[in-house]
Amino acid sequence: MEPLDPETARPSNSKITTTLGLVVHAAADGVALGAAASTSQTSVQLIVFVAIMLHKAPAAFGLVSFLMHAGLERNRIRKHLLVFALAAPVMSMVTYLGLSKSSKEALSEVNATGVAMLFSAGTFLYVATVHVLPEVGGIGHSHKPDATGGRGLSRLEVAALVLGCLIPLILSVGHQH
């Protein structure tokens, strides 16, 4: 059994897993940014850049707040923050270089930019459905039965979720590149 942090009642390695989760999230941001930069569509580049910038500061603030609350010393917090801050730019450069003109010729059968954007979007959907949705529905992220009897999402909420997932499909009908 893992030792629990007495203040947060979480396993002591939760600091590392929290940082790792945010680093993976930032790396997915980098994949999206690199894929957008490899296209010639300025509007896509701008939308992806603004979307990433709008949530990067709150994510960094949340990470630092969590690590401070968990009792990490400032030097270790700076190291965690540095890794988080470098994940998106590094992955963006790697993705951009991977999708460069010479690589695109080798991947001509596959729309590599689209696949990279889909990968990035898939990671966001995974985080939303596995980590965020259970918290919103009152279930919490636990594999044990909830003692308070959290009922989860209502039928209307599930219908709205499914409709939201189907809207991009509906909008893409008849739209081809």
Side-chain angles (χ1 to χ4, degrees), residues 1-37 45-99 115-154 156-158 160-162 164-165:
M1 188 86 179
E2 225 174 289
L4 292 179
D5 186 344
E7 269 191 46
T8 61
R10 291 186 178 140
S12 58
N13 74 346
S14 69
K15 299 167 202 109
I16 299 295
T17 24
T18 300
T19 302
L20 183 61
L22 283 173
V23 165
V24 168
H25 175 77
D29 287 346
V31 169
L33 188 58
Q45 296 170 355
L46 184 63
I47 289 169
V48 171
F49 177 76
V50 169
I52 291 171
M53 288 294 106
L54 284 176
H55 81 276
K56 191 59 68 183
F61 180 76
L63 175 63
V64 171
S65 297
F66 174 80
L67 295 175
M68 286 179 73
H69 180 72
L72 233 60
E73 58 272 1
R74 289 187 185 268
N75 283 337
R76 297 232 7 196
I77 291 174
R78 285 187 188 109
K79 289 176 186 173
H80 284 246
L81 189 59
L82 179 66
V83 171
F84 169 72
L86 289 176
V90 167
M91 278 307 293
S92 129
M93 288 186 274
V94 167
T95 303
Y96 180 77
L97 292 174
L99 297 175
V115 170
M117 295 289 272
L118 284 172
F119 170 77
S120 177
T123 60
F124 297 136
L125 290 175
Y126 173 80
V127 168
T129 56
V130 172
H131 296 287
V132 176
L133 212 57
E135 299 293 333
V136 169
I139 299 168
H141 187 70
S142 174
H143 298 284
K144 299 176 186 169
D146 189 6
T148 62
R151 24 173 287 273
L153 298 174
S154 71
L156 179 62
E157 291 169 326
V158 171
L161 176 69
V162 170
C165 291

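Nothing here was measured: the structure is a model prediction, and the numbers come from that model.
Legend: residues meeting side chain to side chain contact (heavy atoms under 4.5 Å, CB included) with Met68, ordered by chain and number and at least two apart, are Val64, Arg74, Ile77. Every side chain to side chain contact (heavy atoms under 4.5 Å, CB included) that Thr95 has, sequence neighbours left out, goes to Val31, Ala35, Met91, Leu99, Ala116. Contacts of Val23 classified as side chain to side chain contact (heavy atoms under 4.5 Å, CB included), with partners at least two apart in sequence or in another chain: Thr19, Val83, Phe84, Ala87.
Contacts classified as salt bridge (charged side-chain N to carboxylate O under 4.0 Å, His left out) and involving residues 78-92 (residues at least two apart or in different chains) are not found. Evaluation of the side chain to side chain donor-acceptor pair (under 3.5 Å) test over residues 45-59, restricted to residues two or more places apart or in two chains, returns His25-His55, Asp29-His55, Asp29-Lys56. Contacts classified as salt bridge (charged side-chain N to carboxylate O under 4.0 Å, His left out) and involving residues 18-27 (residues at least two apart or in different chains) are not found. Among residues at least two apart or in separate chains, there is no salt bridge (charged side-chain N to carboxylate O under 4.0 Å, His left out) pair with a member in residues 85-98. Sorted by first then second residue, the salt bridge (charged side-chain N to carboxylate O under 4.0 Å, His left out) pairs that include residues 87-98, not counting sequence neighbours, number zero.
The structure places CG of Leu81 at 9.5 Å from CG of Leu86, a figure rounded to the nearest 0.5 Å.
In terms of heavy atoms, His80 sits closest to Leu63 at O-CD2, 4.3 Å. The two atoms that bring Leu22 and Ala59 nearest to each other are CD1-O, 4.1 Å, heavy atoms only.
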